[in-house]
Amino acid sequence: MSQHALLSAGTKSWRSLACSRSELRLDLTLGCGQSFRWRETGDGHWTGVMGGRVWTLTQTDDTLWYHTYNSPNTIGGDGRKRRAGSLLQGSKGSGKRSKGVIEGKEEEEGEPVAVTPDRKEEELLNDYFQLKVKLGDLYRDWGAADPHFNSIAKIFTGVRMLRQDPTECLFSFICTSNNHISRIQGMVERLCQSLGTPLCQLDQTSYHDFPSLHALADNSVEACLRDLGFGYRARFLQQSARQILDSHGGPHWLQGLRSAPYLQARDALRTLPGVGPKACVVPVDTHVWQIAKRDYSCAAGNGQKSLTDKVHRQIGDFFRQLWGPYAGWAHSVLFCSDLKKFQKLKETHSLKQEEEEKVKIKEEGEGINKKIIKMCNRKVKMSVKEEVE
DNA sequence: TTCAGACCTGT
DNA sequence: CAGGTCTGA
């Protein structure tokens, strides 16, 4: 049986990309509730499904390492290539701008350029992590505008927005209402296991692709998902899939929204059942509301019991104005720093700082001339004397 | 337009 | 109650 790859077992089955931890932190980016499909399968090794194939990712100081696994079903065939390609072709049809990193590689339409698997995988990673966006520069700008961000930024480096497959992104999002990360992860996993195409098995874990719209739209899906513990969200998922298929013509509609003007795309998504006001560049929920009040003395909705539309707008506007055009990215950093599971990072960081402080004080103390030590001693003697007397 | 209350399930 | 959304007043 195949096993999850480990970098320590040798680098021959691994490829790499130059990428520092300040530009990307896998643990934070893959664990902060953007995607629910990555698991830490080894120390610092993250395994998940992306672009129709199974990956294990890990990183060293200046390098991002990746390993992909062959799917038994598609070995030797072109099924795998076609699947991965479909993710990119969607945006190709809807406008050249949105091709992003992929642009330029396959631009010449005459001959279909034979892209080697390595090349393609590198492109998939660049696209997924949006590596051409320079996070270091953004952190600098956000820090200059926002002292609180600055205090977080040293610890929570490398938190990026993922450019996920729109279908996966949308249907995972619908699962998040009134819910928390650990439960959502379980739900999405069960969703893929029961409705997604199997890809491969590693150490007793089977990996499946995210279900297609057609699979999600089937009338049997609501009952199926209720059995899997989706609660009232089961109906939203099935109905949204049906609506996209019936009144919008299918997946290309979702793909097309990537290149649509923001407000248009947002409003289009909000017509789907289970997609409410939180679907926004700065997704405002009760949690973000708490952050706004606690860390920014933001008075929006102070008298309110719950998040009304007005409060949503006010908080969204507040952060957009503070952080600028990449406010959604900055939000991820703040959000990440507030997650319970990452609080230990703050402790270890402040412990490190304390240690550094101690060392500093010690060094200073050692450097100081003996006069002071003598003075101290004298004082001690004096005080002892006083006490005695 | 705005606002409770219901809604699945797990802790 | 939770990292919301829908519904009916």
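Here is how names work: the chains are called A, B, and so on, in the same order as the sequence lines, proteins then strands, and each is numbered from 1. Since the model is a prediction, treat every value here as computed from it, not as a measurement.
- Few gaps surround CD on A/Q343; more than 12 heavy atoms of other groups in view lie less than 6.0 Å from it.
- Annotation: cation-pi pair A/K293/A/W289 present, NZ/CZ under 6.0 Å from the ring centroid and within 45° of its normal.
- The side-chain hydrogen bond (donor to acceptor under 3.5 Å, both in side chains) analysis of residues 29-38 of chain A, with sequence neighbours excluded, yields the pairs A/W38-A/Y128.
- A/W65 pairs by the side chain to side chain donor-acceptor pair (under 3.5 Å) definition with A/T60, not counting sequence neighbours.
- When heavy atoms are screened at a 4.0 angstrom cut-off, A/C32 is found touching base atoms of the nucleic acid.
- Remark: A/D338 engages A/R294 in a salt bridge (Lys or Arg N to Asp or Glu O under 4.0 Å) (not counting sequence neighbours).
- Residue pairs that meet the side-chain hydrogen bond (donor to acceptor under 3.5 Å, both in side chains) test with at least one member in residues 272-282 of chain A, sequence neighbours left out, are A/K278-A/D285.
- On the P atoms, B/dG5 is 15 Å away from C/dC1, given to the nearest whole Å.
- Between C/dG3 and B/dC3, the two P atoms lie 22 Å apart (nearest whole Å).
- For A/Y326, there are no side chain to side chain donor-acceptor pair (under 3.5 Å) partners two or more places apart in sequence or in a different chain.
- Listed by first and then second residue, the side-chain hydrogen bond (donor to acceptor under 3.5 Å, both in side chains) pairs that reach into residues 212-221 of chain A are A/D218-A/S220, sequence neighbours excluded.
- Taking a 6.0 Å sphere around CZ of A/R15, one finds it holds 12 or fewer heavy atoms contributed by other residues, nucleotides or ligands.
- Paired regions of DNA chain C, where each region holds three or more successive Watson-Crick or G-U pairs whose two hydrogen-bonding distances fall under 3.5 Å, are B:2-7 with C:4-9.
- Around the CG atom of A/D137, the shell of radius 6.0 Å holds more than 12 heavy atoms that belong to other residues, nucleotides or ligands.
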Could you run down the sub-3.5 Å N/O contacts of the protein with nucleotides 7-9 of chain C?
none

Would you give me the side-chain donor-acceptor pairs under 3.5 Å for residues 297-310 of chain A, sequence neighbours excluded?
{"residue": "A/T308", "atom": "OG1", "partner": "A/V311", "partner atom": "N", "Å": "3.4"}

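- Within residues 269-288 of chain A, the residues that have a heavy atom under 4.0 Å from DNA chain C are, in order of number, A/L272, A/P273, A/G274, A/V275, A/G276, A/P277, A/K278, A/D285, A/T286, A/H287.
- The stretch residues 289-316 of chain A comes close to DNA chain B through A/Q304, A/T308, each having a heavy atom under 4.0 Å from the strand.
- The aromatic rings of A/F236 and A/Y232 lie perpendicular to each other, with more than 60° between the two planes, well past the 30° mark.
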What protein N or O atoms touch nucleotides 7-11 of chain B N or O atoms at under 3.5 angstrom, if any, and at what distances?
{"residue": "B/dC8", "atom": "OP1", "partner": "A/R226", "partner atom": "NH2", "Å": "3.2"}
{"residue": "B/dC8", "atom": "O5'", "partner": "A/R226", "partner atom": "NH1", "Å": "3.3"}
{"residue": "B/dC8", "atom": "O4'", "partner": "A/Y232", "partner atom": "N", "Å": "3.2"}
{"residue": "B/dC8", "atom": "O2", "partner": "A/R183", "partner atom": "NH1", "Å": "3.4"}
{"residue": "B/dC8", "atom": "O2", "partner": "A/R183", "partner atom": "NH2", "Å": "3.2"}
{"residue": "B/dC8", "atom": "O2", "partner": "A/R233", "partner atom": "NH1", "Å": "2.9"}
{"residue": "B/dC8", "atom": "O2", "partner": "A/R233", "partner atom": "NH2", "Å": "3.4"}
{"residue": "B/dC8", "atom": "N4", "partner": "A/N178", "partner atom": "ND2", "Å": "3.4"}
{"residue": "B/dT9", "atom": "O4'", "partner": "A/R183", "partner atom": "NH2", "Å": "3.0"}
{"residue": "B/dT9", "atom": "O2", "partner": "A/R183", "partner atom": "NH1", "Å": "3.3"}

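- Nucleotides C/dG8 and B/dC8 place their P atoms 14 Å apart, quoted to the nearest Å.
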